[in-house]
Amino acid sequence: EAARVKFNFNSLESEAKAIASGKYIPENCAPAGVKSWNDTLFVTVPRWKKGVPSTLNKAVRNETTGEYVLVPFPNAAFQKQVKYVQSMEIDTRGRMWVLDTGRTNFFDGEDASIPGRPGLYIINLYTNDVADYYAFPSEIADPKTSFINDLVVDDKLDVAYISEASGDGAIIVVNMMLKTIKRVTHPTMKFNDGLKYTLDGVDMSKYNIPIDGITMSADQKLVYYNALRGNHLYSVPTQELLEGHATTVTDHGEKPPSDGLAFSSNGMLYFGSLIDSSIFEWDPKTPLSAATEIAKSFDQLSWPDTFGFDGHGNLLVLSNRLHLFVDGKMNFSGDANFRVVKIPVRGISYQFGPQPANLPADVFAPKVAIETTVSVPAPATDSFYDIAAAAAAAAAAIEIPAVAAIVNPVIVAGVAVGTIEKLAEELSEPPAPVPATITGTAYT
């Protein structure tokens with residue numbers, strides 16, 4: 001937790017120079033997105049206002065002060081290439097999908113807003129290299145007015161579903177394999193101009209933000225979403241979004257106004273309450289009104305913004321008092337404004353689902369990496385299918401326990417190719433054996 005965002009400058013002198021030059025304006029920096037991978041925490045600092053030196057970062061603990069500081073990720077050069085990162089997602093194959101909103105400084109006023117072309121990067125977390133990029137056409141996302149906000153990813157199809165929080169709202173569907181893009185609209189994606197409430201003295205009715213929070217069910221069949229200025233939760237089949245329309249939209253009922261959404265692998269959906277500074281857990285097999293409040297704190301959960309999972313059964317919640325930040329009422333010299341809160345939920349990311357609701361107790365225990373070499377059928381080709389088949393054979397030879405297989409991706413030649421359970425389901429006809437030796441890492 002921190003009262004202000006701190007970056008990893010080389011020295012106090014270099015920090016002072018950055019402040020003097022306007023490259024770093026502490027009062028203009030607020031974190032938004034949070035994700036965890038291999039016990040590394042990644043945090044975004046959107047360029048809502050000028051003076052944000054690094055928009056995509058990893059959090060590193062300063063051994064001298066004990067404080068966490070933000071280090072540019074994957075490097076400082078990328079911070080000049082990317083314009084504005086609010087949201088990212090990490091898939092089961094160790095790839096980070098990074099949304100570049102493009103447009104910057106729009107919380108400084110329309111006159112200060114700098115147009116920019118939105119796009120989507122994919123970063124290989126094993127090498128920290130940019131593996132792919134796709135720039136969005138202006139007819140899909142206007143560089144002058146769009147607000148590309150949040151995303152969920154189906155890494156089987158290499159498809160991202162993205163909330164577009166400008167105008168009447170939309171869901172943008174990007175296929176990174178085929179490099180295709182669609183913009184899908186529906187009346188439920190609009191903001192509710194009849195919803196009025198105040199939050200710590202801030203009139204929230206002046207923020208007409210449509211669809212904002214977005215998540216996907218563990219079976220990848222439904223995308224759920226809500227408007228920031230709204231109090232209903234909706235879902236639409238992913239198949240319809242892939243086809244470019246939203247016909248079968250379900251209204252699941254009323255809930256408190258909230259920002260981000262998240263599904264776990266065991267089928268539970270998590271959302272926050274901006275009004276009550278709380279977190280709810282909901283089983284979609286029950287009415288939305290049956291959602292259970294699992295955490296509440298006006299100090300620690302003031303504006304629960306985005307969610308992530310730490311891989312050990314905990315939900316990560318980034319709270320940032322965003323209403324005070326945007327309204328210019330945040331106190332940067334007092335108590336902590338920004339926090340990453342850990343809540344035990346016995347679940348992991350939706351991308352590893354669907355998984356049983358009651359996982360064994362030791363499934364979230366600390367994992368130990370074991371290097372081993374086994375002789376298995378070599379990949380017949382370099383396709384994902386064949387590499388996955390080789391990985392499945394390697395895992396079987398290593399005899400990875402079933403419990404470990406639930407949460408840990410199999411890694412071969414530096415490529416995470418999915419969980420053992422998924423491989424068992426998908427690979428009904430592995431390629432013919434070819435003698436070879438593959439070195440992989442198994443987590444037990």
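Position 1 is the first residue of the sequence; numbering continues from there. Keep in mind that this is a model prediction, so the values were computed, not measured. Side chains included, hydrogens not; waters and symmetry mates left out as well; all remaining heavy atoms used.
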Under 3.5 Å, is there a donor-acceptor pair linking the side chains of [X] and [Y]?
X	Y	value
S297	D299	no
W48	N105	no
D212	S163	no
T101	Q86	no
S258	N226	yes
S166	E164	yes
N38	T40	no

Does some side-chain heavy atom of [Y] sit less than 4.5 Å from a side-chain heavy atom of [X]?
X	Y	value
L269	L261	yes
Y84	R103	no
S264	V345	no
F309	L315	yes
V153	V159	no
V317	V340	no
I122	M96	no
L157	L242	yes

Mark yes or no for whether [X], through its side chain, and [Y], through its backbone, hold a donor-acceptor pair below 3.5 Å.
X	Y	answer
D100	K83	yes
R117	P143	no
S11	S14	yes
R47	P53	yes
D310	N314	yes
N124	Y126	yes
Q351	I90	yes
D155	T92	yes

When you look at R95 and D158, which way does the salt bridge (charged side-chain N to carboxylate O under 4.0 Å, His left out) test go after all the steps? CA-CA 11 Å; R95 301 179 302 171; D158 267 1; 2.7 Å; yes

Strictly under 6.0 Å, is that where the ring centroids of [X] and [Y] end up?
X	Y	answer
Y133	Y121	yes
Y224	H252	yes
F147	F106	yes
F73	F42	yes

Less than 4.0 angstrom from a charged side-chain N to a carboxylate O is my criterion; do R61 and E67 meet it? no

[X] [atom1] to [Y] [atom2] distance, which is reported to the nearest 0.5 Å:
X	Y	atom1	atom2	result
L12	K17	CG	NZ	12.5 Å
S273	K296	OG	NZ	8.0 Å
L228	D150	CG	CG	11.5 Å
D335	R321	CG	CZ	6.5 Å
N337	N320	CG	CG	9.0 Å
K35	L318	NZ	CG	9.5 Å

Run the side-chain contact (heavy atoms from CB on, under 4.5 Å) test on L241 and I171 for me, step by step, so that the C-alpha distance in whole Å, both residues' side-chain angles and the decisive distance to 0.1 Å come before the verdict. CA-CA 8 Å; L241 295 176; I171 293 178; 4.2 Å; yes

On a heavy-atom basis, which atom in [X] and which in [Y] lie closest, and how many Å separate them?
X	Y	result
I209	A165	CG2-CB, 3.9 Å
G272	P304	CA-CG, 4.0 Å
P46	T55	CA-OG1, 4.0 Å
T306	G33	OG1-CA, 3.4 Å
Q220	Y350	NE2-O, 3.5 Å
V52	V45	CG1-O, 3.5 Å

Exactly one of T44, N8, V43 clears side-chain contact (heavy atoms from CB on, under 4.5 Å) with L70, and that residue is V43

I would like to know whether V174 and I172 meet side-chain contact (heavy atoms from CB on, under 4.5 Å); could you show each step before the answer? CA-CA 6 Å; V174 180; I172 293 175; 3.9 Å; yes

Can you tell me if NZ on K80 sees more than 12 non-hydrogen neighbours from other groups inside 6.0 Å? no

Inspect the surroundings of CD in E139 and state if more than 12 heavy atoms from other residues, nucleotides or ligands are less than 6.0 Å away. yes

Do K255's NZ or CZ and the ring of F271 fall within the cation-pi criteria of under 6.0 Å and 45°? yes

Do the numbers put K50 on top of the ring of F107, so that NZ or CZ is under 6.0 Å from the six-membered ring centre and no more than 45° off the axis? no

Pick from Y234, Y161, F263: which one makes a ring-ring contact (aromatic ring centres under 6.0 Å, His included) with Y225? Y234

For F9 and F7, take the angle between the two ring planes, folded into 0 to 90°, and tell me which bin it lands in: parallel under 30, tilted 30 to 60, perpendicular over 60. perpendicular

Kindly determine whether F280 and I294 satisfy side-chain contact (heavy atoms from CB on, under 4.5 Å), including the steps that lead there. CA-CA 6 Å; F280 285 83; I294 60 172; over 6 Å; no

Worked verdict on K156 versus D91 for salt bridge (charged side-chain N to carboxylate O under 4.0 Å, His left out): CA-CA 10 Å; K156 291 181 181 179; D91 66 21; over 6 Å; no

Going through the distances and angles, do F307 and L316 end up as a side-chain contact (heavy atoms from CB on, under 4.5 Å)? CA-CA 5 Å; F307 299 95; L316 301 177; over 6 Å; no

